[in-house]
Visitor: 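Would you mind keeping the following structure in view while I ask a few things?
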Amino acid sequence: CGDLGGENIRDLLDQTAFEHLAVRVDASDLRTRRTLTTAGFFPADSILTYLYYPEDGGIPDPPPSRSTSRYTFRPYEPADRDSILRITSQSYARYPGRYHTDPWLQELSAERYLRWAEKCVDGEADQICVSEANGRIVGYVAFRYDRRLYRVLGIGCYGGGLGASRGGDYLRLLRYTLMCDKAIPWHFAECDTQIDNYLVHRIYHALKLDYVRAEYTYHLHRR
């Protein structure tokens, strides 16, 4: 935003060919939040981010569960593609966060998550792990490597991922994914979720991930 006010920013944007803009702003950045609101942006969701540092040692074992023996965890294989897309369609059909909170995007919300999952399994994700129950895939986690962060600062970060579970043990699946050896040098992994996704927050806490920041997502659509 620089020194521009909200009205100036909107005038500049209206000279471009954008259809939809999404901006993440730190929750403490009140000035930018006010500026975006003046420019016509509206808050779409709230995101909390947690970090896992592998050099801190292994993730603690999850609490005992009678159902643990039902699940096995392993890296993704190409034959898993259709199962992952099916799980995504089922899990995000009525997901209340991100796209679904935007009235202009709500109708196609589930479709957008499906496209996201397709990109992950078709090569955009650098790390995908799945959980199985009785030989059937019931969950997955996909992470991307932040190449720009590594190129600019030399910091290796996994994050910006997508995951879902349909009756699978998501806590142990996430633990397995974070503990898996990765081919690219990395220093930490980022795990995001909506502020009201309480089940996932409990999972992050159980794995003792470090809470590091809160952000608001603002959306703007062309007039």
Side-chain angles (χ1 to χ4, degrees), residues 1-51 85 87-120 124-125 141-144 146-149 152 157-165 170 174 189-205 209-223:
C1 295
D3 295 326
L4 295 175
E7 294 180 0
N8 304 110
I9 290 174
R10 187 56 190 263
D11 288 341
L12 288 174
L13 290 174
D14 284 339
Q15 297 174 30
T16 71
F18 87 93
E19 294 181 15
H20 166 76
L21 291 176
V23 180
R24 285 270 185 93
V25 184
D26 191 275
S28 64
D29 190 351
L30 297 177
R31 180 179 179 275
T32 299
R33 288 165 53 195
R34 290 194 206 100
T35 301
L36 291 175
T37 301
T38 304
F41 286 80
F42 62 91
D45 69 1
S46 305
I47 300 290
L48 300 188
T49 300
Y50 296 76
L51 295 188
L85 298 184
I87 291 171
T88 302
S89 295
Q90 295 171 347
S91 299
Y92 289 98
R94 294 180 178 84
Y95 185 64
R98 289 187 186 265
Y99 308 122
H100 195 77
T101 61
D102 187 324
W104 284 272
L105 304 178
Q106 189 176 62
E107 186 176 347
L108 297 176
S109 175
E111 183 69 16
R112 292 173 188 276
Y113 280 105
L114 185 59
R115 297 285 83 78
W116 189 353
E118 285 180 337
K119 289 182 178 181
C120 287
E124 190 165 299
V141 172
F143 276 146
R144 257 187 101 195
D146 192 332
R147 288 170 172 77
R148 182 175 181 274
L149 186 63
V152 174
C157 171
Y158 273 93
L162 184 66
S165 178
Y170 193 73
L174 181 58
E190 287 192 347
C191 297
D192 294 337
T193 193
Q194 273 67 33
I195 195 170
D196 57 351
N197 196 349
Y198 306 117
L199 176 60
V200 174
H201 286 293
R202 288 197 291 271
I203 289 174
Y204 292 168
H205 281 255
L209 305 188
D210 293 329
Y211 163 71
V212 290
R213 68 176 179 270
E215 295 173 302
Y216 294 110
T217 306
Y218 285 82
H219 286 186
L220 177 69
H221 296 272
R222 191 166 186 82
R223 287 169 177 160

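What you see is a predicted model, and the numbers here were worked out from it, not measured in a lab. All heavy atoms count here, side chains included; hydrogens, waters and symmetry mates do not. The first residue of the sequence shown is numbered 1, and numbering continues consecutively from there.
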Visitor: Using every non-hydrogen atom in the two residues, find where Cys157 and Glu190 come nearest and quote the distance to one decimal.
Guide: SG-CG, 3.8 Å
Visitor: Please round to the nearest 0.5 Å and tell me the distance separating atom CD1 of Ile9 and atom CG of Asp14.
Guide: 12.0 Å
Visitor: Output the distance between atom CG (Leu209) and atom CG (Leu174), rounded to the nearest 0.5 Å.
Guide: 6.5 Å
Visitor: Taking the side chain as every heavy atom from C-beta outward, state whether His20 and Asp102 have any atom pair closer than 4.5 Å.
Guide: yes
Visitor: Side chains of His205 and Tyr211: donor-acceptor distance under 3.5 Å anywhere?
Guide: no
Visitor: Could you report the tightest heavy-atom contact between Gln194 and His201, atom names first, then the distance?
Guide: O-NE2, 2.9 Å
Visitor: How many angstroms lie between OH in Tyr204 and CG in Leu199, if you round to the nearest 0.5 Å?
Guide: 10.5 Å
Visitor: Taking the six-membered ring for Trp, is the centroid-to-centroid distance between Tyr218 and Phe41 below 6.0 Å?
Guide: no
Visitor: Please find the pair of heavy atoms, one from Leu114 and one from Leu85, that lie closest to each other, and give the distance.
Guide: CD1-O, 3.6 Å
Visitor: Mind listing the closest non-hydrogen atom pair of Ser165 and Ser91 along with its distance?
Guide: O-OG, 4.0 Å
Visitor: Would the number of heavy atoms belonging to other residues, nucleotides or ligands and lying under 6.0 Å from CD of Glu118 be above 12?
Guide: yes
Visitor: I'd like to know if Asp29 pairs up with Arg33 as an ion pair, taking the criterion as any Lys NZ or Arg NE/NH1/NH2 lying under 4.0 Å from an Asp or Glu carboxylate oxygen.
Guide: no
Visitor: If only atom types and distance count, is the side chain of Thr217 paired as donor or acceptor with the main-chain N or O of Ala44 below 3.5 Å?
Guide: no
Visitor: Work out which heavy atom in Gly163 is nearest to a heavy atom in Tyr170; give both atom names and the distance.
Guide: CA-OH, 4.1 Å
Visitor: How long is the straight-line distance from CZ of Arg213 back to CG of Asp26, given to the nearest 0.5 Å?
Guide: 8.5 Å
Visitor: Rounded to the nearest 0.5 Å, what separates atom CG in Leu220 from atom CZ in Arg10?
Guide: 4.5 Å
Visitor: Just by modelled atom types, is the Thr16 backbone N or O under 3.5 Å from a matching donor or acceptor in the Arg222 side chain?
Guide: yes
Visitor: Mind running side chain to side chain contact (heavy atoms under 4.5 Å, CB included) on Thr101 and His219 for me, showing each step along the way?
Guide: CA-CA 10 Å; Thr101 61; His219 286 186; 5.6 Å; no
Visitor: For the residue pair Gly6 and Ala39, what are the closest heavy atoms and their distance?
Guide: O-CB, 3.3 Å
Visitor: To the nearest 0.5 Å, tell me how far Ile47 CD1 sits from Ile195 CD1.
Guide: 9.5 Å
